[in-house]
Each structure stands twice: as structure tokens, then as C-alpha cells.
Amino acid sequence: MEFSNSLIHWYLQNKRDLPWRNTTNPYPIWLSEIMLQQTRVAQGLPYFLSFTDAFPTIFDLANADEEQVLKLWQGLGYYSRARNLHATAKQIAFELNGEFPPSYKELLKLKGVGEYTAAAIASFSYNEPVAVLDGNVFRVLSRYFNVDSDISLPKTKTEFQQLAQEVLDKKNPAVFNQAIMEFGALQCVPKNPDCNSCVLNSSCAALQHKKVSELPVKSKKTKVTNRYLNYLILKDSDSNYIVQKREGKGIWENLYEFPLLETDFLLSEKDAIDQISKMQFYNQKPSEILILQNEITLHKLSHQHLHIRFFELRFASKLPDSKPFTAIEKLPFPIVIHNFMVSNYFNSH
DNA sequence: AAGTCGGGGGA
DNA sequence: TCCCCAGACTT
């Protein structure tokens, strides 16, 4: 109880003023929670503002095209969140009469809503006493109670979920959940937390045992694979371009890209152009092949390092379904391709 | 239980 | 460089 009171007191004095707080409307709360999954507040905030501007209600979101939703999501990453968000909006708008499921248990059934997000919405919107467990809560609890279980193991999640539920202030679940997460984000930070100024420093077990810098324990490390992407910008006689939607599983599902030549290893510039010159596109061969950068762009994802190069392939006639740049720029692209288009290429061509 | 999915920022 | 971020879903 002292833990809870201190956290809430700290929170009321130190909380950030964020647009999804000070409301119990589940729509903006849900929207913010999906956007903030594995995403910092500073990164998600502008997206939240543009979404609530474009889609003031869940009906507006439900009636939008997926392409428009993905375009607004462009650059935020983890695009399955946007696809699930849109699918869930349609379900709530058209099957549930626009009303969000009324409890943690029912919220959990929504696409894209897991244990954390269901608890967040249920507590913030309905004041239901269910504890949230996110990266912040793992860190705060592991330190305050000096728990060195490996948080990458599923059974540890169960252990912490139980602990979080025990310390939850059942009379103020909304404020408590906000408080413990905000405390983790601002005070009990991953590296070099300022324990001298911490309101919990007299009762923090990790601090007493000098274990703060070692907690939480997390073993799992994702290994990174290298991929080599050669994007072929097909430009036809009308100065129109070919783009295609990425289908199936893998990164960037349902986003657009240029025709892609992916290789298992890095080709020299000469070998790449050699290989491209042997390819046919709509029964035509390019009249000219240009490389558009001197340097290969290294785009780092958490689990893949993408080595990206752009070529321009000029054609002497029209290509089917080619589009002008003004049409292309309205489509959702991976941010690395979008950045290339706006900064390096289409501005000067 | 392990793998996949993005992008950015802080130390 | 490495690690983490208001995690969820698939295999």
C-alpha cells in the first residue's frame, strides 16, 4: 500500500500531459495503446494526432480504406497493428453497434488486443481492477522486489502478472496502472536511473542489494539476418512508374514497393546491372539501366539488416498499369523507400 | 517456447 | 554498438 501510495503521489506531480489521458472514451485509449505497443510516446504521439484528426470516431476509421489507414501509419512500423486496428474498428462499428466490449475478458478477444492492451483499456476506460504488465512494469517490479527471473520466459510473465495484480491499487486501478508505467518511463529508466531522487529509494530491494543495474534479467537476443534488396524503378515513356503491393507474410505486408530483385549476397554494381539487363518486364527490356546511388542504404530492423540499392530502368514505350508520381506518393510505402523517393530521387527527376 | 514483425532514440 | 520501447501473433 505504501508502494501504491508513493507511486500515485509521484505520478500526480510528475505525469506528462498526453492527449489520451483525461478521457475514459475507449476509442482514443484503444488507439493510443495499439500505437504505443513497443513504441515510445514521442514516436507515437504525432501519429495519434493525425489519426484522431482523420478519424474522430471509430465509425470514421471503420469506413476508411485499409490503404488510407496504412498511409497514416507509414513509418510507425509493425504494420500488422494497423491492419488489425482497421479490422477491429470495422467489427466494433458494424457488428457491435460502435460499442467497445465492456470488460477485460471481452476486450481480449479483439484482434491486436493482448493481455497488456486489454488491461490498459479496461482499467483506463472502465476502472476495472486488472493490472497492466508492460516493459515498464517488468522493470519497476523486478527492481523494487529484487526479482531476478528471466523476463523473456513465459512462466516469468505469469509470475510478474501475479505480482502486479497483488500490488495493484484495487480502488484506483486506472491511476495506479498509469502511475507505475509512467514511473518506469521517467524515473526507473533502463540505464543509469537516478536512485538518489527516487521516492521509493528507501524501500527498493534492488537498490539495497546493489542490483539495480542488473535488473530486469532478460536473456533472449534476436539474431539478425542480412538481406540484399535491389529495387528496380521502371520508368516508361510517359515518365510513369511501376509499383506493386507486397503480398503474403513477411515484412511490410500490404505496403507498396518497386519491383524487387532480392539476392542472397551482395552483388557488385556490374554484376547487378548484368543480371538486370537479362530480365524481361512485360515482354520488354529496358533501354537503359542506371544506378541511383553511390552508397548502399543500410536499413536496420530489429531482426533484419536490409542492404538496399535503387536502379532506374528506362523503357522506350508505355508499361501497363504504370502510375505518375502524384499517384504513387499517395500509397503507403516502407519508410526507407519513402525517404528515398522524397529526398533522393523524384524531386530531381 | 521460439520466431516474426519496424523504426527510432539514448547511452 | 547495443538495448529498449505503454506487445501481439504465428509456428
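Below, chains carry the letters A, B, ... as their sequence lines are ordered, and counting in each starts from 1.
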Review point. Any side-chain donor-acceptor pair under 3.5 Å between A/Arg81 and A/Gln37?
Key: no

Check your understanding: Are a donor atom and an acceptor atom from the side chains of A/Ser103 and A/Glu128 found within less than 3.5 Å of each other?
Key -> no

Revision key, fill the gap. Under the rule of Watson-Crick or G-U wobble with both distances under 3.5 Å, where | means paired to another strand and [ ] a crossing pair, DNA chain B maps to |||||.|||||

Review point. Taking NZ, NE, NH1 and NH2 as the nitrogens, is one of them in A/Arg16 or A/Glu182 under 4.0 Å from a carboxylate oxygen of the other?
Key: yes

Check your understanding: Is the closest basic N to carboxylate O distance between A/Lys318 and A/Asp238 below 4.0 Å?
Key -> yes

Practice item. Return the residues of residues 160-188 of chain A meeting this criterion: a heavy atom under 4.0 Å from some atom of DNA chain C. Order them by number, or give none. Key: A/Gln178, A/Met181

Point to revise | Any residue of residues 125-135 of chain A with a heavy atom less than 4.0 Å from an atom of DNA chain C | key: A/Asp134, A/Gly135

Exercise for review: Output all residues satisfying side-chain contact (heavy atoms from CB on, under 4.5 Å) with A/Asp321, sequence neighbours left out; order by chain, then residue number.
Suggested key: none

Set out, line by line, the N/O atom pairs under 3.5 Å between protein and nucleotides 9-11 of chain B.
unit_1: B/dA11; atom_1: O3'; unit_2: A/Asn192; atom_2: ND2; d: 3.1

Which protein N or O atoms sit under 3.5 Å from an N or O of nucleotides 9-11 of chain C?
unit_1: C/dC9; atom_1: OP1; unit_2: A/Gly112; atom_2: N; d: 2.3

Is the ring pair [X]/[Y] parallel, tilted or perpendicular, if the boundaries are 30 and 60 degrees?
{"X": "A/Phe340", "Y": "A/Phe310", "value": "parallel"}
{"X": "A/Tyr144", "Y": "A/Phe3", "value": "tilted"}
{"X": "A/Phe281", "Y": "A/Phe315", "value": "perpendicular"}

Can you identify which nucleotide, out of [options], has its nearest atom closest to the [X] side chain?
{"X": "A/Trp252", "options": "B/dA2, B/dG7, C/dA6", "result": "B/dG7"}
{"X": "A/His299", "options": "C/dC4, C/dG7, B/dG7", "result": "B/dG7"}
{"X": "A/Gln37", "options": "C/dA8, B/dG6, C/dC5", "result": "C/dA8"}

Practice item. For C/dA6 versus B/dC5, give the span between their P atoms, rounded off to a whole number of Å. Key: 23 Å

Review point. Say you pick atom P in C/dT11 and the same atom in B/dG6; how far apart are they, in whole Å?
Key: 15 Å

Report, as yes or no, whether the 6.0 Å neighbourhood of atom [atom1] on [X] holds more than 12 heavy atoms from other residues, nucleotides or ligands.
{"X": "A/His305", "atom1": "NE2", "answer": "yes"}
{"X": "A/Lys105", "atom1": "NZ", "answer": "no"}
{"X": "A/Glu2", "atom1": "CD", "answer": "no"}

If you look at every strand shown and take non-hydrogen atoms under 4.0 Å, does [X] touch a base, only sugar-phosphate, or nothing?
{"X": "A/Trp20", "answer": "base"}
{"X": "A/Ser80", "answer": "nothing"}
{"X": "A/Ser32", "answer": "nothing"}
{"X": "A/Arg83", "answer": "nothing"}
{"X": "A/Ile34", "answer": "nothing"}
{"X": "A/Gly250", "answer": "sugar-phosphate"}

**Study point:** Distance-minimising heavy-atom pair for A/Trp73 and A/Tyr47
**Key:** O-CE2, 3.6 Å

Exercise for review: Can you see which heavy atom on A/Ser125 is nearest to which on A/Pro26, and at what distance?
Suggested key: OG-CA, 3.3 Å

Revision key, fill the gap. Tested for side chain to side chain donor-acceptor pair (under 3.5 Å) against A/Thr297, the lone hit among A/Gln293, A/Glu295, A/His299 is A/Gln293

